[in-house]
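Some notes on the structure that comes next.
Nothing fancy with the numbering, it's 1 onward along the sequence. What you are looking at is a predicted structure, and each value in this text was computed from that prediction instead of being measured. Numbering of ligands and ligand atoms starts at 1, following listing order.
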Amino acid sequence: MNKLKKEPLFKVKDLVIDLYTEQVSVRAVDSVNLEVNAGEILAVVGESGSGKTVMTLGPLGLLPEGVSVDIRGQSQCSGQDLLNKPARELAKLRGENFGIIFQDPISALNPMKKVGPQLASQAVRLRGVSKQQGKEIAIELLQRTGIPDPEDRYNRYPHEMSGGMLQRVMIALALVGNPKILIADEPITALDATVQAQILELLKDIQCRENIAIILITHDISVVAQMADQVAVLYAGRIAEYGTMEDVLTRPVHPYTKGLLSSVPDLRSKRGENASGPAGITGSPPDQSSLLPGCRFVERCPVAQTFCSKFRPPLEVLPHLSQRHFVACPVAVESTIEQMEGEAYEQ
Ligand SMILES: Nc1ncnc2c1ncn2[C@@H]1O[C@H](COP(=O)(O)OP(=O)(O)OP(=O)(O)O)[C@@H](O)[C@H]1O
Ligand code: NI
């Protein structure tokens, strides 16, 4: 262990989140470990229902409504424990450290109030400033997020603004408390293509200019390629593969990651694969309310062995590559190591 290794800004360790409704109980997050360093973008990818939102927002006390939740493990931000905190203390820590950008800005804003005053009152609440200072902060934030004529826009109602402008307001709202980390849950899904690119550019800009870390939840691999420093691939509540964007996208090891990437033609041709051949993953994710002991991908996996359905695959680090490439598939790890040794021998 490198003694000089910095403490990550945010980390979860052995995180387990069970959700209970009257009908079912679901293990939405199953022993997940993750770290986010200051100023870094971590992309969390995976199919719908894989646990991206619950895993990211759960440790902050933001859990789905109408379900009982059991959350275990550790979660820390700036060295402070987030789990087992009274709700008020957790809300305070959340306000000081995190800004959250939701997929649908309309649902996060009050439709009856002008956007500027919504930002200003949030500034009063989170920063303890006067009303006048709150207004100044709001206008500055509108400017910072690329909203033209911020003084005029201050007095607009949400319905008077376009989707892209509203998403900028949403980002401004997330920045009010001077967060160290932004959590962006599918921030561009509701927008059209040109606006999507602009919002991604704004997020990248915020990360670079202001050294704010971003946890970016997405199912779009091209967004990952464009934005991320680190990537965590989630499958049915567990991490399948985790590492730098370069490692995970250009040297994927887990069969699930490979399947996910094979549906992206650009990446396939980059790796010299035939972009028009069969792609993607067949079948559907397992029912998380009746989980068997082994690997959760086993039924859809092209390289599965008999032992895969018996034992949970550990998240192993690949020794030959960067020390931050983790894969939860002993079959794929072994064949990758063999292949790398073969290539080294040939050279
Ligand atoms: N309100 C809820 N009631 C019951 N189960 C829920 C609820 N919210 C989430 N779950 C379950 O928790 C698991 C993880 O859900 P989560 O919303 O984190 O997935 P996700 O990866 O964010 O999906 P999406 O891409 O659709 O947003 C899923 O299996 C889902 O069925
Ligand atoms: Ni989600």
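Residue Ser48 does not count as close to the Ni ion (ligand 2), with no N, O or S atom under 2.8 Å.
Without hydrogens or angle criteria, Lys52 side chain to Leu234 main chain gives no donor-acceptor distance under 3.5 Å. With hydrogens and angles ignored, the 3.5 Å screen pairs a side-chain donor or acceptor of Gln167 with a backbone N or O of Pro187. Arg156 contributes no side-chain N or O that, together with a main-chain N or O of Val115, makes up a donor-acceptor pair within less than 3.5 Å. A donor-acceptor pair is defined here as one N or O able to donate and one able to accept, closer than 3.5 Å; no such pair exists between the side chain of Gln207 and the backbone of Ala213.
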Task: Intermediate values then yes/no, side chain to side chain contact (heavy atoms under 4.5 Å, CB included), Leu34 and Lys11 - done: CA-CA 5 Å; Leu34 276 182; Lys11 72 173 175 190; over 6 Å; no
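Within the 4.0 Å heavy-atom shell around ligand 1 one finds Gly49.
When only non-hydrogen protein atoms are considered, atom 24 (P) of ligand 1 lies nearest to Ser48 OG, 3.6 Å. Of the protein's non-hydrogen atoms, Leu19 CD1, 3.9 Å is the one closest to atom 5 (N) of ligand 1. Looking only at heavy atoms of the protein, atom 1 (N) of ligand 1 is closest to Pro64 CB, 3.4 Å.
Checking each of Arg296, Arg300, Glu47, Glu241 against Tyr256 for a side chain to side chain donor-acceptor pair (under 3.5 Å) leaves exactly one that passes, namely Glu47. Checked against Asn97 for a side chain to side chain donor-acceptor pair (under 3.5 Å), the options Gln80, Lys180, Lys92 give a single hit: Lys180.
For ligand 1, the atoms closer than 4.0 angstrom to any heavy atom of Glu47 are 21 (O). Near Val54, the atoms of ligand 1 lying under 4.0 angstrom from a non-hydrogen atom of the residue are 15 (O), 16 (P), 18 (O).
Ligand 1 has an N or O atom lying under 3.5 Å from an N or O atom of Gly51, backbone or side chain. Considering both main-chain and side-chain atoms, Ser50 comes within under 3.5 Å of ligand 1 through a nitrogen or oxygen pair.
The nearest non-hydrogen atom to atom 27 (O) of ligand 1, considering only Thr21, Thr53, Val44, Ile17, comes from Thr53. Among Val45, Thr189, Val67, the residue whose heavy atom sits closest to atom 4 (C) of ligand 1 is Val67. Between atom 21 (O) of ligand 1 and the options Arg27, Gln103, Lys52, His219, the minimum heavy-atom separation is to Lys52.
Within the 4.0 angstrom cut-off, atom 19 (O) of ligand 1 has one or more protein heavy-atom neighbours.
In the model, Tyr242 has no side-chain atom that pairs as donor or acceptor with a side-chain atom of Glu35 under 3.5 Å. Between the side chains of Ser130 and Gln133, at least one donor N or O lies within less than 3.5 Å of an accepting N or O.
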